[in-house]
Amino acid sequence: MPDRPTAEQYIAEIVPQLGKDFAAAELSYQFNMRAAHQSITDSSTLAQIVTELRSLPERYAPGRPHLLFYPSTIRSELGFVTKPFKSVVDKIYRSNVLYNRQYPLPPKTGLLEPPRLYEQIEDLIRTRLVCKYMDGPRFVCDALKQLCEKGGISNKVREHSNEAGYYAWHFYVSIPVELMLEGTVVQRNVWVEIQITTQLAEVITALTHELYETRRSAGLVPKSTDWKWEAASKEFRSAYLGHGLHLLEGIIQNLKDDVVLPSLDGGDRSQHASSLPVRVDPQSPTRADELPMRGEKDN
């Protein structure tokens with residue numbers, strides 16, 4: 001089996017497919033992402049999603065709309081961020097080389113091709129919503145999926161949970177934008193990622209994100225489970241704190257249901273039950289080795 005190239009070697013090889021050098025490729029990417037961000041912000045699809053999000057609190061708990069989101073108000077500008085160019089090329093390297101167990105063959109999920117990064121990478125533009133209770137993220141994803149399928153809008157729902165203690169739901173919607181590629185204006189469908197998590201999960205993710213970034217930047221992929229028996233390690237503490245908080249969230253949710261639901265229409269809990277099966281896209285599954293410690297947040 002041939003030696004895997006380093007990140008520097010591989011990135012130097014793929015950058016010419018995006019521009020004559022790193023600086024030119026980054027400038028082109030930044031231009032396109034500004035254009036894409038504006039197109040998405042002004043799109044009718046996003047307007048429908050915002051309207052739907054604003055209607056959900058009352059549907060989640062009639063008469064108690066403050067129980068769904070934190071903070072309770074959904075803004076028209078959802079606070080989208082764009083993935084830095086360095087993180088994009090790092091992600092291409094990790095997917096095609098570092099985490100590819102079939103290297104030098106393409107990974108089972110297919111190669112991330114630099115010229116097609118705008119279509120293939122799903123978190124180039126993303127935002128995060130925080131729910132107060134554990135049943136909130138799936139409730140939101142189901143509602144957004146129903147909205148998009150009714151309107152014929154391409155979408156995906158993905159449940160994220162791994163042994164590192166990361167818990168969240170991600171909703172993806174495809175929105176057409178105009179990009180400048182090889183000197184020509186073309187239309188491409190770009191995925192927009194809406195990460196939906198809970199208050200307690202957001203706390204631990206923010207706390208341990210730097211640990212995750214350090215491990216990922218160093219190309220450290222867990223190859224053993226030794227850390228599960230090393231109580232003093234950062235990996236042990238962050239992972240099991242995440243699992244422990246998820247358990248606590250389940251207890252809190254049950255108490256909330258016992259207190260709140262009896263006062264709603266007949267105490268019917270069906271409004272909180274998921275009505276749609278979760279379909280994980282086989283082209284982009286969640287892999288434990290792709291999320292070394294925590295879910296990707298800012299890069």
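Note that this is a predicted model, so its numbers are computed, not measured.
Side-chain contact check for L98 versus Y93: some heavy-atom pair is nearer than 4.5 Å. Side-chain contact check for W169 versus H160: every heavy-atom pair is 4.5 Å or farther apart. The side-chain heavy atoms of L200 and L248, taken from C-beta on, include a pair separated by under 4.5 Å. A heavy-atom distance below 4.5 Å is found between the side chains of C148 and V173. Counting only heavy atoms from C-beta outward, the side chains of Q195 and F171 never approach each other to under 4.5 Å. Using a 4.5 Å heavy-atom cutoff, the side chains of V140 and L56 are in contact. Put simply, the side chain of N155 does not reach to within 4.5 Å of the side chain of S174, judged on heavy atoms. R158 has its side chain out of reach of E193: every pair of non-hydrogen atoms, C-beta onward, lies at least 4.5 Å apart.
Across P57 and P65, no two heavy atoms sit closer than the pair CB-O, 3.1 Å. Nearest heavy atoms, R54 versus I74: NE-O, 3.1 Å. The two residues E13 and Q17 come nearest to each other via the heavy atoms O-NE2, 4.3 Å. Listed here is the closest heavy atom pair of A231 and R237: O-CG, 3.7 Å. Across all non-hydrogen atoms, the minimal contact from N100 to Q102 is OD1-N, 2.9 Å. Residues Y103 and D3 come closest through the heavy atom pair CE2-O, 4.1 Å.
Under the salt bridge (charged side-chain N to carboxylate O under 4.0 Å, His left out) criterion, E26 pairs with no residue at all, not counting sequence neighbours. In this structure F80 satisfies the ring-ring contact (aromatic ring centres under 6.0 Å, His included) test with no other residue, sequence neighbours excluded.
Distance alone, capped at 3.5 Å, places no donor-acceptor pair between the E58 side chain and the S55 backbone. Put simply, the side chain of R188 never gets that close to the backbone of E119: no donor and acceptor are under 3.5 Å apart. S87 contributes no side-chain N or O that, together with a main-chain N or O of K83, makes up a donor-acceptor pair within less than 3.5 Å. T205 places a side-chain N or O within donor-acceptor distance of the main-chain N or O of A201, the cut-off being under 3.5 Å. T198 contributes no side-chain N or O that, together with a main-chain N or O of C131, makes up a donor-acceptor pair within less than 3.5 Å. Under a 3.5 Å cut-off, the side chain of E77 and the backbone N or O of G79 do form a donor-acceptor pair. Judged purely by atom type and a 3.5 angstrom limit, S28 has no side-chain atom pairing as donor or acceptor with the backbone of A25. Distance alone, capped at 3.5 Å, is enough to place a donor-acceptor pair between the H243 side chain and the E163 backbone. Under the 3.5 Å distance criterion, the side-chain polar atoms of S238 are matched with a main-chain donor or acceptor of E235. D123 contributes no side-chain N or O that, together with a main-chain N or O of V192, makes up a donor-acceptor pair within less than 3.5 Å.
Salt bridge E202/R128: present, at least one basic N to carboxylate O contact under 4.0 Å. We find that E122 and K91 are not joined by a salt bridge, their nearest charged nitrogen and carboxylate oxygen being 4.0 Å or further apart. Look at R94 and D90 and you find no salt bridge, because none of the NZ, NE, NH1 or NH2 atoms lies under 4.0 Å from a carboxylate O.
Atom CD of E182 sits in a sparse spot, with 12 or fewer heavy atoms from other residues, nucleotides or ligands closer than 6.0 Å.
Residues I121 and L181 share a single hydrophobic cluster, defined by chaining ILVMFWY side chains whose heavy atoms lie under 4.5 Å apart. Under a hydrophobic-cluster definition in which Ile, Leu, Val, Met, Phe, Trp and Tyr are linked whenever side-chain heavy atoms come within less than 4.5 Å, directly or via other members, Y118 and V186 are assigned to the same cluster. L67 and V130 fall into different hydrophobic clusters, defined by Ile, Leu, Val, Met, Phe, Trp and Tyr side-chain heavy atoms under 4.5 Å apart, directly or through other members. In terms of hydrophobic clustering, with Ile, Leu, Val, Met, Phe, Trp and Tyr side chains grouped at heavy-atom distances under 4.5 Å, L129 and I125 are assigned to a common cluster. A continuous path of hydrophobic side-chain contacts links I49 to V190 [ILVMFWY only; heavy atoms under 4.5 Å].
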Is there a side chain to side chain contact (heavy atoms under 4.5 Å, CB included) between Q199 and V203? Walk through the geometry before answering. CA-CA 6 Å; Q199 280 182 280; V203 168; 5.8 Å; no
Start with the C-alpha distance between V157 and D142, add both sets of side-chain angles, then the distance that settles side chain to side chain contact (heavy atoms under 4.5 Å, CB included), and finish with yes or no. CA-CA 8 Å; V157 174; D142 283 350; 5.6 Å; no
With ring pair (Phe, Tyr, Trp, His ring centres under 6.0 Å) as the test, would you mind laying out the steps for F69 and Y60 before giving the verdict? CA-CA 10 Å; F69 291 118; Y60 175 80; 8.6 Å; no
Step by step, work out the side chain to side chain contact (heavy atoms under 4.5 Å, CB included) result for K132 and H66. CA-CA 9 Å; K132 292 186 176 180; H66 61 283; 4.3 Å; yes
Evaluate side chain to side chain contact (heavy atoms under 4.5 Å, CB included) for I194 paired with I196, printing each intermediate quantity in order. CA-CA 6 Å; I194 302 176; I196 310 168; 4.0 Å; yes
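Here the CG atom belonging to N162 is positioned 8.0 Å from the OH atom belonging to Y167, to the nearest 0.5 angstrom. Between the CG atom of L112 and the CG atom of L117 there is a distance of 9.0 Å, given to the nearest 0.5 Å. Once rounded to the nearest 0.5 Å, the distance linking CG of N32 with CG of L179 reads 4.5 Å. Separation of atoms CZ (R126) and CG (L78) is listed at 14.5 Å; rounding is to 0.5 Å. Interatomic distance, CG of L68 versus CG of L53, reported as 9.0 Å (0.5 Å rounding). Distance CG/L241 to NZ/K234: 15.0 Å, rounded to 0.5 Å.
A cation-pi contact links K256 to Y133, judged by a cut-off of 6.0 Å to the six-membered ring centre and 45° from its axis.
Between F85 and F22, the ring planes lie perpendicular to each other; the angle is over 60°, past the 30° to 60° tilted range. Under the 30°/60° scheme for interplanar angles, the aromatic rings of W191 and Y172 are found to stand perpendicular.
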Please output the side-chain donor-acceptor pairs of residues 33-40 that fall under 3.5 Å, not counting sequence neighbours, one pair per line with the distance.
from, atom 1, to, atom 2, distance (Å)
Q38, NE2, D42, OD1, 3.2
Q38, NE2, D42, OD2, 2.9
S39, OG, A35, O, 3.1

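Under 3.5 Å, the side chains of N96 and Y10 contain a donor-acceptor pair of N or O atoms.
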